[in-house]
S.K.: 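Once you've had a glance at the structure underneath, I'll fire off some questions.
Remember, it's a predicted structure, so these values are computed and weren't measured experimentally.
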Amino acid sequence: MIKSPTISFDENAELLVKALGANNVADVSRVLQPLDVTETLEQLERLSTIERALAYRTLPKGRAIEVFERLDAALQADLVAGLQDSEVAEVFAGLSPDDRVALMDELPASVANRLILGLSEKDRALTSTVLGYPQGAVGRYMSPEFVITHPELTVGETLARVRARLDDAESVYTIPVTDVGRHLVGVVSLRDVLRAEPDVFVSGIMKSPLSVPATQDAEEAARYCADAKVLVLPIVDAEERLVGILTVDDALQILEDAESEDAARAGGSEPLRRPYLATPVRSIVRARVVWLLVLALGATLTVQVLGAFQATLEQQVVLSLFIPLLIGTGGNTGNQAATTITRALALGDVRPRDVFKVLAREVRVGALMGLLLGTLGFAIAALAFSVPIGLVIGLTLLGVCTMAASLGGLMPLLGKAVKADPAVFSNPFISTFVDATGLVIYFLIATSILGL
């Protein structure tokens, strides 16, 4: 039953499921024992809530805490329900303050309060510091455990501080430098500290610091950290006093979660917030059904437009043949623009104040694409039916592409301006709106050219 060096992931998963199905704790332990932390995580994320709790309890104490730390907060909350109070208290105390706060956000208030009361006074104070910032702020993701030094200290004294905090500091590779009032005045890298002579003062090797306020949006702060390519980004309060650090691994996790959320909403769904196979079916349904209802209601606009122009369609039935083409082209054009601008907003390439620049560019882009597609549409429709029909199709494609690209570029900017998720204003709503508006453009052009 012991995992051989050549066993595949799928074979190991099959052995684990078989052992769990037989409720054989010894075999479950033997399957998981040879796996490293990453492999263990991958196996646990594929199990049901009950199976995951059973498998987790077979792990050795040290590895169990390490595995728990790396689970998504939602899976940690599921696991808490299957563990004994003593086990929960132990793993909760072993988490860093920011990870504790992420888990507390997933737990019922009564459970969260009981866990935080079980912490030591020091850990409770550190956790409360992070918990005091609003959700979505970078202060909620920072670590309050870090090493600091002062300009008047020597390199030797700074190294002594680092050695004293090796076990509990979140990171020691970049060391913030503060004055006596804890105001951030610089940073110094561990590399520079190790390179310098012990009697050199920190003031002689420190550099100007980069920092962000604790109340800043977490995604913006994480993007800033990634763009600046720093291992640690100091977090300060309104008086420029150092309150925490954001490490690059936490910044990358914030960006990954934000991009997953944007991708889900752009596709007309809510993010699952946990691995797919670990997500209950009812949660997947709940994540999708609301958006489907919203889009279904929005699609009634298209039905109403078709009803309003029913007489036009009855006179020229051939016009109905091109409706799927025009709707699809308009929706795709709008989605392309919205996706591009949403991504540009996330990267900081554009801001809401750039609305007129974006509009000018998207009008030109849409018009050029409409001209190319319209010319092709005119040629095909004219050859297949008649020149007037070809002219209707060509002009409609020009108008629809210009309109769709413009709206697709503007709506994410409007979402950002009103402090909403730009992805929510993106593809699903654009498709619905462009469908109805595109049909209005189509029938107005048709009635004008064909004299209907």
S.K.: The criterion is side chain to side chain donor-acceptor pair (under 3.5 Å); which residues satisfy it with Asp72, sequence neighbours excluded?
M.R.: none

S.K.: Is the closest side-chain heavy-atom distance between Asn12 and Leu35 below 4.5 Å?
M.R.: yes

S.K.: Find out whether Val232 and Phe146 are in side-chain contact, i.e. whether some heavy atom of one side chain is under 4.5 Å from a heavy atom of the other.
M.R.: no

S.K.: Show your working on side-chain contact (heavy atoms from CB on, under 4.5 Å) between Val318 and Ile389 and close with a plain yes or no.
M.R.: CA-CA 9 Å; Val318 68; Ile389 294 295; 3.7 Å; yes

S.K.: What are the two closest heavy atoms between Ala221 and Val212, and how far apart are they?
M.R.: CB-CG2, 4.0 Å

S.K.: I would like to know whether Glu362 and Val365 meet side-chain contact (heavy atoms from CB on, under 4.5 Å); could you show each step before the answer?
M.R.: CA-CA 5 Å; Glu362 290 300 330; Val365 170; 4.3 Å; yes

S.K.: Run the salt bridge (charged side-chain N to carboxylate O under 4.0 Å, His left out) test against Glu170 and tell me which residues pass, sequence neighbours left out.
M.R.: none

S.K.: Look at the side chain of Asp354 and the backbone N and O of Val358, then say whether any donor-acceptor pair between them is shorter than 3.5 Å.
M.R.: no

S.K.: Quick one: does Gln76's side chain have a donor or acceptor within less than 3.5 Å of a partner on Phe68's backbone?
M.R.: yes

S.K.: Should we say atom CD1 of Ile50 is surrounded by more than 12 heavy atoms from elsewhere, each under 6.0 Å from it?
M.R.: no

S.K.: Who passes side chain to side chain donor-acceptor pair (under 3.5 Å) against Glu219, sequence neighbours left out?
M.R.: none

S.K.: Taking side chain as C-beta onward, heavy atoms only, is Ile175 less than 4.5 Å from Val187?
M.R.: no

S.K.: Check step by step if side chain to side chain donor-acceptor pair (under 3.5 Å) holds for Asp249 and Thr247.
M.R.: CA-CA 6 Å; Asp249 55 326; Thr247 57; 2.5 Å; yes

S.K.: Could you walk me through whether Ser260 and Asp257 pass side chain to side chain donor-acceptor pair (under 3.5 Å), step by step?
M.R.: CA-CA 5 Å; Ser260 297; Asp257 292 343; 5.5 Å; no

S.K.: Ring pair (Phe, Tyr, Trp, His ring centres under 6.0 Å) with Phe385: which residues, sequence neighbours excluded?
M.R.: Phe322

S.K.: When you compare the side chains of Gln336 and Asn332, does any donor N or O come within less than 3.5 Å of an acceptor on the partner?
M.R.: no

S.K.: Shortest non-hydrogen contact from Pro176 to Val147?
M.R.: CD-O, 3.1 Å

S.K.: Taking everything shown except Arg57 itself, do over 12 heavy atoms lie less than 6.0 Å from its CZ?
M.R.: yes

S.K.: So, for Leu79 and Leu71, which heavy atoms are closest and what is the spacing to 0.1 Å?
M.R.: CD2-CD1, 3.8 Å

S.K.: What is the distance from atom CD of Glu39 to atom CG of Asp36, rounded to the nearest 0.5 Å?
M.R.: 4.0 Å

S.K.: For the residue pair Val130 and Pro144, establish whether any side-chain heavy-atom pair is separated by less than 4.5 Å.
M.R.: yes

S.K.: Are more than 12 heavy atoms, taken from residues, nucleotides or ligands other than Arg46, located less than 6.0 Å from that residue's CZ atom?
M.R.: no

S.K.: How many angstroms lie between atom OH of Tyr442 and atom CD1 of Ile393, to the nearest 0.5 angstrom?
M.R.: 4.0 Å

S.K.: State, to 0.1 Å, how close Pro412 and Ile341 come at their nearest heavy-atom pair, and which atoms those are.
M.R.: CB-CG2, 4.2 Å

S.K.: Taking Asp192 for the side chain and Val188 for the main chain, is one N or O donor matched with an acceptor at less than 3.5 Å?
M.R.: no

S.K.: Mark yes or no for whether Thr437, through its side chain, and Val434, through its backbone, hold a donor-acceptor pair below 3.5 Å.
M.R.: no

S.K.: Which atom pair, heavy atoms only, marks the closest approach of Pro97 to Glu145?
M.R.: CD-OE1, 3.3 Å

S.K.: Rounded to the nearest 0.5 Å, how far does CG of Asn335 lie from OG1 of Thr342?
M.R.: 10.0 Å

S.K.: Scan residues 327-353 for pairs that pass salt bridge (charged side-chain N to carboxylate O under 4.0 Å, His left out), counting only residues two or more places apart or in two chains.
M.R.: Glu259-Arg343

S.K.: When rounded to the nearest 0.5 angstrom, what is the spacing between CG in Leu210 and OH in Tyr224?
M.R.: 4.0 Å

S.K.: Using a 6.0 Å cut-off, check whether atom CD of Glu14 has over 12 heavy atoms from anything other than its own residue.
M.R.: no

S.K.: With distance as the sole test, does Asp99 use its side chain to make a donor-acceptor pair with the main-chain N or O of Leu95 at under 3.5 Å?
M.R.: no

S.K.: Pair Arg241, Thr178 - check side chain to side chain donor-acceptor pair (under 3.5 Å), show working.
M.R.: CA-CA 8 Å; Arg241 288 192 296 264; Thr178 66; over 6 Å; no

S.K.: Looking only at atom types and distance, does a side-chain atom of Glu51 sit under 3.5 Å from a main-chain N or O of Ser48, one as donor and one as acceptor?
M.R.: yes

S.K.: Verify, without hydrogens or angle tests, whether Asp237 (side chain) and Glu240 (backbone) share a donor-acceptor contact under 3.5 angstrom.
M.R.: yes

S.K.: Kindly compute the distance separating CD1 (Ile323) from CZ (Phe443), expressed to the nearest 0.5 Å.
M.R.: 4.0 Å

S.K.: Between Thr38 and Arg70, is there a side-chain donor-acceptor contact under 3.5 Å, judged purely by atom types and distance?
M.R.: yes

S.K.: Please report the closest heavy-atom contact between Cys401 and Gly366, naming both atoms and the distance.
M.R.: CB-O, 3.4 Å

S.K.: Rounded to the nearest 0.5 Å, how far does CG of Asp250 lie from CG of Leu233?
M.R.: 11.5 Å

S.K.: Test Leu20 against Leu54 for side-chain contact (heavy atoms from CB on, under 4.5 Å), laying out the working first.
M.R.: CA-CA 8 Å; Leu20 288 167; Leu54 176 60; 3.6 Å; yes

S.K.: Does the side chain of Leu397 come within less than 4.5 Å of Leu326's, by heavy atoms?
M.R.: yes

S.K.: Any donor and acceptor pair, going by atom type alone, linking the side chain of Arg52 with main-chain N or O of Leu44 inside 3.5 Å?
M.R.: yes

S.K.: If you look only at pairs with a residue in residues 128-143, which of them pass as a side-chain hydrogen bond (donor to acceptor under 3.5 Å, both in side chains), with sequence neighbours excluded?
M.R.: Asp105-Gln135, Asp105-Arg140

S.K.: Is any side-chain heavy atom of Glu45 closer than 4.5 Å to one of Leu75?
M.R.: yes

S.K.: Mark yes or no for whether Glu106, through its side chain, and Leu103, through its backbone, hold a donor-acceptor pair below 3.5 Å.
M.R.: no

S.K.: Find out whether Pro324 and Ile327 are in side-chain contact, i.e. whether some heavy atom of one side chain is under 4.5 Å from a heavy atom of the other.
M.R.: no

S.K.: Looking only at atom types and distance, does a side-chain atom of Arg100 sit under 3.5 Å from a main-chain N or O of Phe92, one as donor and one as acceptor?
M.R.: yes

S.K.: With the side chain counted from C-beta on, respond yes when Leu190 and Thr174 share a heavy-atom pair under 4.5 Å apart, and no when they do not.
M.R.: no

S.K.: Without hydrogens or angle criteria, can the side chains of Ser96 and Asp98 be said to hold a donor-acceptor pair below 3.5 Å?
M.R.: yes

S.K.: Taking it one step at a time, do Leu373 and Leu398 satisfy side-chain contact (heavy atoms from CB on, under 4.5 Å)?
M.R.: CA-CA 7 Å; Leu373 294 175; Leu398 174 61; over 6 Å; no

